[in-house]
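Notes to accompany the following structure.
Counting starts at 1 for both ligands and their atoms, following the listed order. On a predicted model such as this, the values are computed, not experimentally measured, just so you know.
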Amino acid sequence: MNGRDMNTVNIVGGRIVDSTTDAQGRPADIHIVDGRIAMVATPGATLPAAATVLDASNAVVSPGFVDLHTHLREPGREESETIETGSRAAALGGFTAVVAMPNTDPAQDSRAVVEFVREQGRRAGLCEVVPSGCITVGRAGEHLVPYAELMKSGVTLFTDDGNGVQDPLLMRRAFEYSSDLGITMAQHCEVSRLTAGAVMHEGSCCSHLGLPGWPAIAEELMVHRDIELVRITGGRLHVLHVSTARSVDMIRAAKADGLPVTAEVTPHHFTLDDESLRTFDPVFKVNPPLRTMADIDALKAGLRDGTIDAIATDHAPHADHLKEQPLDAAPPGMLGLETAFALAVGELGMDLRSVLACLSWNPARIAGIGDRHGRPVAEGEPANLVVLDPGAAWVVDRGLVASKSRNTPYHGRSVTGRVRHTVSNGRAVVIDQVAQR
Ligand code: DOR
């Protein structure tokens, strides 16, 4: 085979930062053949020729990002996103894998739907689409899904996201299965009796605006319940979109007790607070709601000390005609894939390597795909990589997003940190910020 064959890529002039390096990383050139890293060479060494050469000068080469929390909307809600448009947004955001949330129509509670989602991802060919499975049939909270069945289709992360599982007995049984089968239950922590009709965080801003409030305790009760259920069952819990300071405290204590609990936080929960709702703009309505500055400080502290393992987007596209309704009628959710890296690197005050841990190798492990994502950049490893300009400034423009929907709360915001190239399964799917398919 000749080095100029289509399936070869060189990445030259960059500095590798991965789980084996320090924050400074090490300069290296990379040669990729047939989806794998074939050579990591000292800069200036001659690499075999390649069909595609990616310039990484003044840039960082890292394992690709893994999003634990992406709503792709297909099947059933293709007016807002499809697996193809969502995967394109993911690739542009530096993600080489996304976990697809199950609140599709039909929901991801059967092998047929799960395999459909995976296959559509394969066809789009922009990143790996990893379907989650529901905890309960139809996400209705009444009957458990046959987990072992879905495991045959490769599912290891189960969630009713969009809904929390309200029934403690059912959740106890789900954790018992989790323990037996070695799978993870990812909980959307929300006691729904406490949030009916709510549009924003319950606090002084909400009282001032006279809007129905969404109390922190609605999340914290379920975080507490599930941690205690894990303690008696040995099940594995991942807490989705943590939003309150007390939740962070409880997760920190659970980890100190050695319980198998992991957690994620979204960029919007550490960059925006409930004051945004003073605009009455539904683009700021999200579940769980934007909280207070004190909560933001606690989320950041949780990321810094490792209580929170991952940054996950909760990318939740909604078509204009759905989102642009009065606050009470508009669905909750905001875009996240294309802005996650910039918000994380620009706003957290963490060193780059720690940010990459939260965006890449930690979530890869939680998603059960650590054999192919978040890997060290080394010979023989799968080529799922991203090339980053951590210092590049740009302005978010809702008119330029790749997502089919435009509900970004960051329109017009100046941010720092940009994805230059993305290599998914050995193919350059983003080159110089342009998607190649
Ligand atoms: O804001 C949200 N939107 N939170 C969720 O849990 C669900 C999501 C959606 O599907 O739109």
(request) Could you check R420, R15, R418 and say which one makes a salt bridge (Lys or Arg N to Asp or Glu O under 4.0 Å) with D389? (result) R420
(request) Keeping to residues at least two apart or across chains, list the side-chain hydrogen bond (donor to acceptor under 3.5 Å, both in side chains) pairs with something in residues 92-104. (result) H71-N103, T96-H373
(message) What does the 4.0 Å heavy-atom contact list look like for ligand 1?
(response) H71, R73, N103, D161, G162, H188, H241, V286, N287, D314, A316, H318, P332, G333
(message) Taking G370's backbone N and O only, do any of them form a donor-acceptor pair with R375's side chain (distance below 3.5 Å, no angle check)?
(response) yes
(message) Using salt bridge (charged side-chain N to carboxylate O under 4.0 Å, His left out), reason through R73 and E79 one step at a time and then give a plain yes or no.
(response) CA-CA 8 Å; R73 304 296 189 221; E79 67 203 299; over 6 Å; no
(request) Taking R291 for its side chain and H201 for its backbone only, find out whether a donor-acceptor pair lies under 3.5 Å. (result) no
(message) Can you classify the ring geometry of H69 versus H241 as parallel (below 30°), tilted (30 to 60°) or perpendicular (above 60°)?
(response) tilted
